[in-house]
Peer 1: 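Following this message is one structure expressed as structure tokens.
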2 protein chains.
Amino acid sequence: MTEPEPRVLPEATLTRLTQYLRALNAFEAQGTERTSSGVLAKEAGVNPAILRKDLSLLGSYGTRGVGYVVTELAEHINRTLGLTKDWRVAILGAGNLGRALSGYAGFASRGFKVRAILDTSTNLIGSGVGDLVVEPIGTLGEVIRREQINIAVLAVPGEAAQELIDALAAHGVKSVLSFAPRPLRIPAGMIVRRVDLSTELQILAYHAVQS
Amino acid sequence: MTEPEPRVLPEATLTRLTQYLRALNAFEAQGTERTSSGVLAKEAGVNPAILRKDLSLLGSYGTRGVGYVVTELAEHINRTLGLTKDWRVAILGAGNLGRALSGYAGFASRGFKVRAILDTSTNLIGSGVGDLVVEPIGTLGEVIRREQINIAVLAVPGEAAQELIDALAAHGVKSVLSFAPRPLRIPAGMIVRRVDLSTELQILAYHAVQS
DNA sequence: AAGTGTGAACTTTTTCACAGCT
DNA sequence: AGCTGTGAAAAAGTTCACACTT
């Protein structure tokens, strides 16, 4: 148990860890104190073996013959994922998507705080979005410093995305979630995750035609 | 060349195919007639070997020593993905996210037409969203029949998602893109893809802490 | 000469199956 | 007796490298 903890966890494992966490939170909410790989895996929709393998990558926190203590395991995954830190998010783009995201409940939970929303359009600048006011993209550097932004969400049209990624990098923001429908050149040291709605639909179309 | 075409393409291949398609469309737009695995792979941000391997799964459409004809290859990928068919989309949930999605340009392109938007809230029912009017979820079956919906987008709170999936299944809609932040029990024959924003943020947090 | 198509090697991820704790 | 933790096996996915076609 002198941990094997690898430098970096596989992407697939990370995705599953967030699902385990969600299930564990549900268990906590309903007062369940202990669980097992079988029960938890079922709740998260995965196979128990991979769950145990995933958890073994973070070190061992279960008890053989017994299972896992819900709060302990949740706490441990939280720590591993960095969810004990405070995340301050700026949303770039105050169009429909940007505004929808700024109010998205999932963002508010787990220490992700939307602290700013920016746009280029003079129509939008100055207007209110929830309890924020849309600021000009030109003030990006200032906003990042003022609010100590450490995560940015890109909800702008494809054309604008690359230059904003570069600007974010220049201002020291290293983590970006992009909704721009195009591949981006990622500056060194930056982590960009993309959510691509048209890709999702196209893959659905393929499966739908199959059946 | 009497095709090896597998019954079903790997998920990772599908994702890349949509990227190739996007790059090919850009080439078409700028009048480029031919390309090669090297050029196309660079544009799509992948390695040329996997690109050729992916394309070989759909049968061979290149010319050795020469490369690929842009329009031909695009057409071929389009056919494979089922993008020659007409896709009629209903959006379930007319909150911020649902409304943002209904106007999302990526949906309008490539034959995905948003034909209906539904909600439970009497505040929203009857209000306009783009050129659609929000209809009551209670009329789901009727709307699906009337508009011949074949893809649904779930933009509702987690609690409502499962029963809507079941209702969609009952009305013969087999393809769903879900934004609900929870795992769903998928009725037989249905394909559900999930986009989970809090999972994305949590994975970003992990990587941000790493560095 | 150039660039595809593809077996073979390699790498990563998942699943199996069981030894080892409690 | 029960359930974890984990090597070993299997499967899936990626990259290499080169024969083959134009």
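All of these numbers come straight from a predicted model, not from anything done at the bench. Here is the naming used below: chain letters follow the sequence lines, and residue numbers restart at 1 for every chain.
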Peer 1: Could I get the full list of side chain to side chain donor-acceptor pair (under 3.5 Å) partners for B/E135, not counting sequence neighbours?
Peer 2: B/R146
Peer 1: If you take any heavy atom closer than 4.0 Å to DNA chain C, which residues from residues 24-48 of chain A end up in contact?
Peer 2: A/N47
Peer 1: I'd like to check the side chain to side chain contact (heavy atoms under 4.5 Å, CB included) partners of B/K85; sequence neighbours left out, ordered by chain and number.
Peer 2: A/V209, B/W87, B/N150
Peer 1: In this structure, how many angstroms lie between the P atom of C/dG3 and the CG atom of B/L73, rounded?
Peer 2: 16 Å
Peer 1: Restricting to pairs with a member in residues 201-211 of chain B, which pass salt bridge (charged side-chain N to carboxylate O under 4.0 Å, His left out), not counting sequence neighbours?
Peer 2: none
Peer 1: Rounding to an integer number of Å, can you tell me how far B/L58 CG sits from C/dG5 C1'?
Peer 2: 13 Å
Peer 1: Distance check needed: C/dG5 P versus B/L55 CG, whole Å only.
Peer 2: 7 Å
Peer 1: Can you name the side chain to side chain donor-acceptor pair (under 3.5 Å) partners of A/R52, sequence neighbours left out?
Peer 2: A/S37
Peer 1: Ignoring backbone atoms, establish whether A/Y68 has a side-chain N or O less than 4.0 Å from OP1 or OP2 of D/dG5.
Peer 2: yes
Peer 1: From the list D/dT6, C/dT14, D/dG13, which nucleotide is the closest neighbour of the side chain of A/I50?
Peer 2: C/dT14
Peer 1: A/Q202 pairs by side chain to side chain contact (heavy atoms under 4.5 Å, CB included) with which of B/T15, B/L17, B/T18?
Peer 2: B/T18
Peer 1: State which residues pass side chain to side chain contact (heavy atoms under 4.5 Å, CB included) with B/T120; sequence neighbours excluded, sorted by chain then number.
Peer 2: B/I137
Peer 1: What is the distance from NZ of B/K53 to C1' of D/dT15, rounded to the nearest Å?
Peer 2: 9 Å
Peer 1: Rounding to an integer number of Å, can you tell me how far B/H76 NE2 sits from C/dT4 P?
Peer 2: 15 Å
Peer 1: Quick one: B/L57 CG to C/dG5 C1', roughly how many Å, whole number?
Peer 2: 11 Å
Peer 1: Could you tell me whether A/R193 atom CZ has more than 12 heavy atoms of other residues or ligands within 6.0 Å of it?
Peer 2: yes
Peer 1: Not counting sequence neighbours, which residues clear side chain to side chain contact (heavy atoms under 4.5 Å, CB included) with B/Q148? List them please.
Peer 2: B/R88
Peer 1: If you write DNA chain C from 5' to 3' in dot-bracket form, with Watson-Crick or G-U pairs under 3.5 Å, [ ] for crossing pairs and | for pairs with another strand, what do you get?
Peer 2: ||||||||||||||||||||||
Peer 1: Calculate the interatomic distance between B/L51 atom CG and C/dT4 atom P; express it in whole Å.
Peer 2: 8 Å
Peer 1: With 3.5 Å as the limit, what N/O pairs link the protein to nucleotides 17-22 of chain C?
Peer 2:
residue, atom, partner, partner atom, Å
C/dA17, N6, A/R52, NH2, 3.3
C/dG20, O4', A/R64, NH1, 3.4
C/dG20, N3, A/R64, NH1, 3.4
C/dT22, O4', A/R64, O, 3.2

Peer 1: Holding to side chain to side chain contact (heavy atoms under 4.5 Å, CB included), I want the full list of residues that pass it with B/R194, two or more places apart in sequence or in another chain.
Peer 2: A/Q19, A/R22, B/S178, B/P183, B/V192, B/D196
Peer 1: Going by side chain to side chain donor-acceptor pair (under 3.5 Å), name the residues that satisfy it together with A/D119, two or more places apart in sequence or in a different chain.
Peer 2: none
Peer 1: Which residues satisfy the side chain to side chain donor-acceptor pair (under 3.5 Å) test with A/E163, sequence neighbours excluded?
Peer 2: none
